[in-house]
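Both backbone and side-chain heavy atoms feed into the values below; hydrogens, waters and symmetry mates do not. Computed from a prediction, not measured in an experiment: that's the story for all the values here.
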Amino acid sequence: MYKIPRTETSMTLSVRGILHFFANVIIDEMRTDHGMEMDKLRIDIIGGGSLGLLYGGKLAFAGNKVRIWCRSTEQVLSLSTEGLHVTSKENSKTSEVSPSIIEADILDNFTKRWEYNPAEWIFLMTKQKDVAEIGSQLLAKMDDNVLKGTKGLVCFQNGTGHIQLLDSLLPKWHIYSAITTEGAKRLSYNEVFHAGRGVTTIGEITHRESQMGNNSRKSENCLVHEFEKAGFVSDLSNEIVNHIYRKLLINACINPLTALWRIPNGELMATQARVDMMRNLFLEGTKVYDACGIYWDHNLWDQIVSICLSTSANTSSMLKDVLEGIPTEVNWINGSIVTMAEEKGIVANYHKSMIELIKGISTKEE
């Protein structure tokens with residue numbers, strides 16, 4: 001992990017951050033003026049967490065131009081000086097992404113940098129709790145003219161509600177949802193462990209013609225092709241809403257139990273008592289889905305078991321939040337199912353208890 005020397009003050013970090021910003025602006029202008037690297041897909045990743053580093057590192061390693069937007073100057077300096085390192089349980093060899101082929105910058109500089117060099121795609125890979133701030137304070141304030149060459153915003157959040165929020169904030173944008181079962185664990189500012197392979201499904205939610213242009217299937221297929229080149233099994237779906245609710249129930253069954261019992265995903269299968277509790281959450285969730293007319297796969301329970309096994313070493317995002325003492329996404333995951341149940345006049349006591357128990361762990365109000 002990159003560590004700032006003790007003699008380095010916040011003033012030093014601030015000066016470095018300013019110099020880093022202007023250096024990147026000059027590089028962007030040179031690339032634009034000389035038509036450099038126009039054949040490579042330009043992707044901006046907002047969020048330097050586990051998935052942001054995983055997708056950013058592998059996409060950059062596959063030849064795309066990736067920028068990772070971070071909240072901390074420390075992470076920017078680590079990525080900019082040491083590059084990004086991706087390891088996996090299948091391959092002992094580390095994928096080394098040098099600083100020369102991946103960029104990093106402070107999130108506060110996002111809008112300014114776009115004036116010089118916009119990306120073709122934006123991946124929003126933050127927690128649910130950050131979506132409203134980023135949508136209203138950054139994305140909604142971007143110049144419409146700059147957006148014309150942008151294909152869209154791809155959202156990787158767990159739970160529901162964020163797409164509707166972003167759609168209201170960004171009425172001219174193409175908004176996509178990405179549902180993934182890839183497992184990842186961030187080890188440091190610039191190291192990520194690929195804990196389990198999965199599938200990434202992408203689909204547009206908005207289907208609008210706007211000032212951003214009318215997205216062709218060609219541009220979407222190009223994005224999926226780059227995912228495949230980077231090693232991600234990916235596909236496009238016209239039924240992305242079904243995938244959203246599928247992932248919601250998967251997360252609602254796995255994440256809170258791993259957080260409560262402080263165990264990796266695979267340990268949920270270790271005892272019958274754990275499996276039974278996960279099964280109770282599943283059956284109650286499908287009851288709510290049936291009441292709401294939401295489609296679910298007949299083999300969804302088998303899929304949940306398979307995910308626990310394929311990501312057996314993975315620390316769920318909710319467990320990670322609990323261990324770090326930060327607010328979880330339980331309100332957007334299990335809370336979404338409880339809300340749907342209440343709207344139909346039925347109860348979802350297992351999911352409601354998950355919310356109460358997870359919130360009871362933290363001394364901070366969520």
Only one of Val330, Thr328, Leu260 clears side-chain contact (heavy atoms from CB on, under 4.5 Å) with Ile361; which?
->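 The single option meeting the side-chain contact (heavy atoms from CB on, under 4.5 Å) with Ile361 is Leu260.
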[X] with [Y]: basic N within carboxylate O range, under 4.0 Å:
| X | Y | value |
| --- | --- | --- |
| Lys287 | Glu284 | no |
| Arg246 | Glu239 | no |
| Glu220 | Arg217 | yes |
| Arg71 | Glu133 | yes |
| Lys58 | Glu182 | no |

Let me see the working for His351 and Val288 under side chain to side chain contact (heavy atoms under 4.5 Å, CB included), right down to the final yes or no.
-> CA-CA 11 Å; His351 288 275; Val288 173; over 6 Å; no
List, one per line, each side-chain donor-acceptor pair under 3.5 Å for residues 275-282, sequence neighbours excluded.
unit_1: Asp276; atom_1: OD1; unit_2: Gln272; atom_2: NE2; d: 2.8
unit_1: Asn280; atom_1: ND2; unit_2: Asp276; atom_2: O; d: 3.3

Might you point out which heavy atoms bring [X] and [Y] nearest each other, and give the distance in Å?
| X | Y | answer |
| --- | --- | --- |
| Cys292 | Lys344 | SG-CG, 3.7 Å |
| Leu51 | Ala184 | CD2-CB, 4.3 Å |
| Leu300 | Leu249 | CD2-CD2, 3.8 Å |

Show the numbers, then the answer: is there a side chain to side chain contact (heavy atoms under 4.5 Å, CB included) between Met354 and Asn255?
-> CA-CA 10 Å; Met354 291 297 103; Asn255 290 16; over 6 Å; no
Would you please test Trp332 and His162 for side chain to side chain contact (heavy atoms under 4.5 Å, CB included) and show each step?
-> CA-CA 9 Å; Trp332 288 278; His162 59 290; over 6 Å; no
Any idea how His194 and Phe232 line up, ring-wise: parallel (<30°), tilted (30 to 60°), or perpendicular (>60°)?
->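 Plane angle between 30° and 60°, so tilted.
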